[in-house]
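Computation of the quantities below employed the complete heavy-atom set of this structure, encompassing side-chain atoms and omitting hydrogens, waters and symmetry-equivalent molecules. In this chain, residues are counted from 1 in sequence order. Indexing begins at 1, ligand by ligand and atom by atom, following the structure's order.
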Amino acid sequence: MSQSILHIYPGFEKQGGALAAHLGCDTAGIEIHSFPDGESRVKVRPHSGTALIYASLDNPNEKIVRLLFAAETLRSLGAKRVVLVSPYLCYMRQDKAFEPGQAISQKVIGQLLANSFDRIVCVDPHLHRIASLADVFQDIEADALSAAGLIAQELSRDHGLQRAVLVGPDSESFQWVNTIAKLTGQSTLIAEKVRRGDRDVTIRLQGAEQAKNRPAIIVDDMISSGTTALKCARLLAEAGADRVEVIAVHALSGADDLRHLLASGIARVRSTDSVLNPSNAISLAPLLAEALKKEIQIVSSD
Ligand code: R5P
């Protein structure tokens, strides 16, 4: 019998179930009631040992409060250790005040979660100006896993894409593009991006002619509004790419933005299942399970 239980936030039953199957642990749903006034009531299954909570932090505001309720309740009712498994970790992009008076959301979220959890496990957090997740979560364990290997495996299965060029739409995407290309042997191209607003970006793609008469795959850590991928795809189409695809770790886009991407001529959008999205094609369960196996305590039933 396992003493560790994976508590699954509503909506993540598929991903949480896959992870629990890899870990060989029990699961329990986190019950949430929303009151008419917008407040939430949270109910968990109490137990001793380690409580793992599965909840990706897309659309995070309401979810964070509920997760704090769940973590504190599990701990007060006997859990010795509470671990948050959050493949997408929110607010990592706001790592400085870009204008005087802006909140440094990354720092605040880090402190808040560190107060309630013993360990945070996430995948490819958007760390830009800080070196590591340890700078966000001081005094607790924090693991930033990378989906680059799983993305490379997914691309390698597709023989039609062997000649493809992997395209990073901005300088930050270099880390994923470079790691994946080393594994797949595909060539790379990195663009330069200037962002002026949520949906206002300009991309320059020097060397775009490399994509002529070849498939091009835009690789990014996240698709949010989809503007970055859309603008980059246009440049690749103008350069004569014979097919443009997008692959990302986190697909945060809503249905309309995703439809817009596909309607614009992008042949396929794929993502990991870090966030539930119609583009999900890669399960993170094996990667997460490897990192979490030390949390699983088995108690003999004899
Ligand atoms: C930003 O630096 C990220 O790597 C993504 O390129 C960005 O978040 C994508 O956002 P959007 O889809 O809204 O252009």
Test of proximity, Gly226 against ligand 1: N or O pairs below 3.5 Å: yes

Donor-acceptor pair, Ser279 side chain versus Val269 backbone, under 3.5 Å? no

Closest candidate by heavy atom, reference atom 5 (C) of ligand 1, pool Asp220, Leu261, Ile218, Val246: Asp220

Considering non-hydrogen atoms of the protein only, which is the closest contact for atom 2 (O) of ligand 1, and what is the distance? Glu172 OE1, 3.1 Å

What residue and heavy atom of the protein are closest to atom 8 (O) of ligand 1, and at what distance? Arg93 NH1, 3.1 Å

Identify, for atom 3 (C) of ligand 1, the protein heavy atom at the shortest distance, and state residue, atom and that distance. Asp221 OD1, 3.4 Å

Side chains of Tyr91 and Asn61: any donor to acceptor distance under 3.5 Å? yes

Pair Glu172 + Arg93, salt bridge at N-O below 4.0 Å: no

Nearest protein heavy atom with distance in Å, relative to atom 1 (C) of ligand 1: His126 CE1, 3.6 Å

Can you tell which part of His128 has a heavy atom less than 4.0 Å from ligand 1: side chain, backbone, both or neither? neither

How far is atom 13 (O) of ligand 1 from its nearest protein heavy atom, and which residue and atom is that? Ser225 OG, 2.6 Å

Determine whether the side chain, the backbone, both or neither of Asp170 has a heavy atom under 4.0 Å from any heavy atom of ligand 1. side chain

Taking 4.0 angstrom as the limit, do Asp58 and Lys63 come out as a salt bridge? yes

Run the contact test for Arg199 against ligand 1 with a 4.0 Å cut-off on heavy atoms, strictly below, and give the result. no

Check the angle between the aromatic planes of His7 and His47 and answer parallel, tilted or perpendicular using the 30° and 60° thresholds. parallel

Have a look at ligand 1 and work out which part of Arg195, if any, has a heavy atom under 4.0 Å from it: side chain, backbone, both or neither. side chain

Salt bridge Arg75-Asp118, side-chain N to carboxylate O under 4.0 Å: yes

Please state whether the rings of His128 and His126 are parallel, tilted or perpendicular, taking 30° and 60° as the class boundaries. perpendicular

Could you find the nearest protein heavy atom to atom 14 (O) of ligand 1 and give me its residue, atom name and distance? Thr228 OG1, 2.5 Å

Is there side-chain contact between Val82 and Leu84, with heavy atoms separated by less than 4.5 Å? no

